[in-house]
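Have a look at the structure below, then the notes.
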Amino acid sequence: MEKPYVVGIDIGGTNTVFGVVDARGTVLYSGSIKTGKYADIEDYVAALGQGLMQVIEQAGGSDKIKGIGVGAPNGNYFNGCIEFAPNLPWKGKIPLAQLISEKVGGIPVALTNDANAAAIGEMTYGAARGMKDFIVITLGTGVGSGIVINGNLVYGHDGFAGELGHVIVRRNGRLCGCGREGCLEAYTSATGVARTAREYLEIRKDESLLRELDPSEITSKDVYDAAMKNDKLALEIFEITGSMLGEAFANFVAFSSPEAIILFGGLTKAGDLIMEPIKRSMDANMLKVFEGKTKVLFSQLKESDAAVLGASALGWEVKTQDPTL
């Protein structure tokens, strides 16, 4: 009998969320555990395995599950390991795909990084259905990317290709969490937007609703809320952030000529506030041969399910990688 379901697991620094997904991209049963609660990887895998078996039983048991996909920071698709992830409790190289498979009775498990999982999710269930060339940019705490060329995700020779959030956009710029200076992520992530707000409040005298807040507590949502009330400083922050993204996107188009760049993650809630300056800047910086050829779209995945859906899409493919399975 054809196995009708897959399981998706999204591992974040705070929570690990998982769910059973059908072929139409509906999350049928879900659960979560606290990632940070488990300093020891064995304890984490034991708790995760227990949670997974509960949702798998709800779906009718292991015989109904075709495969399991995992999206995780620094996840390497080639070897199924998480490698030196700075925001996770476990250090070094963790053979996570194998550890999870052992806990769920040998169901095959594939693992990739979280932005690549988002790209696979868009291709399987979302805005990139039918597309063979596109880039997904995740605008969250950091800036991630998944690059698809001719229907295949780009992994590079080591499994880690596609770190567009760490292209350098400003020489001798802000220090990034990766240790380099001037990365796109340092400016255009949700964290980067809050950082811009703090910098502006310090060096400028403009009146702003943001001055009513403790600068150290300001978030990108605060900047959005102020912009929605027509706060000039907040509007300018979105204009500058979008312009920087558009400039970078024009460079990305020159690299892979995608049909679309699809935006995913918390910062996309800003809607036109971020989209309009992106499009203006992208058009202004585009190489002539590429003008008007690449769309910029928001993700079509339901936000609460998106990370699990993206990871689960790997589960449909995982069995085909080993003909003995």
*Using the side chain to side chain contact (heavy atoms under 4.5 Å, CB included) rule, take Asn116 and Tyr155 through it: C-alpha gap first, then chi angles, then the decisive distance, then the call.*
CA-CA 9 Å; Asn116 285 343; Tyr155 284 110; 3.5 Å; yes
*Side chain to side chain, Val148 and Met123, heavy atoms closer than 4.5 Å*: yes
*Is there a donor-acceptor contact under 3.5 Å linking the side chains of Glu102 and Gln98?*
yes
*Are the side chains of Pro89 and Thr35 in touch, meaning some heavy atoms are under 4.5 Å apart?*
yes
*Is the shortest side-chain N to carboxylate O distance from Asp225 to Lys221 below 4.0 Å?*
yes
*Write out all pairs satisfying ring pair (Phe, Tyr, Trp, His ring centres under 6.0 Å) with one or both partners inside residues 23-70, taking only residues at least two apart or from two chains.*
Tyr44-Trp90
_Under the rule for side chain to side chain contact (heavy atoms under 4.5 Å, CB included), what residues qualify as partners of Glu291, not counting sequence neighbours?_
Met286, Lys288
_Under 3.5 Å: donor-acceptor pair, side chain of Thr268, backbone of Phe264_ = no
*Assess whether side chain to side chain contact (heavy atoms under 4.5 Å, CB included) is satisfied between Ile56 and Met53, documenting all intermediate values.*
CA-CA 5 Å; Ile56 288 168; Met53 288 314 297; 4.2 Å; yes
*So does Arg180 pair up with Glu185, basic N to acidic O under 4.0 Å?*
no
_Distance, nearest 0.5 Å, that separates CD1 of Ile237 from CG of Leu273_ = 11.5 Å
*Does atom CZ of Arg171 have more than 12 heavy-atom neighbours, drawn from other residues, nucleotides or ligands, at distances under 6.0 Å?*
no
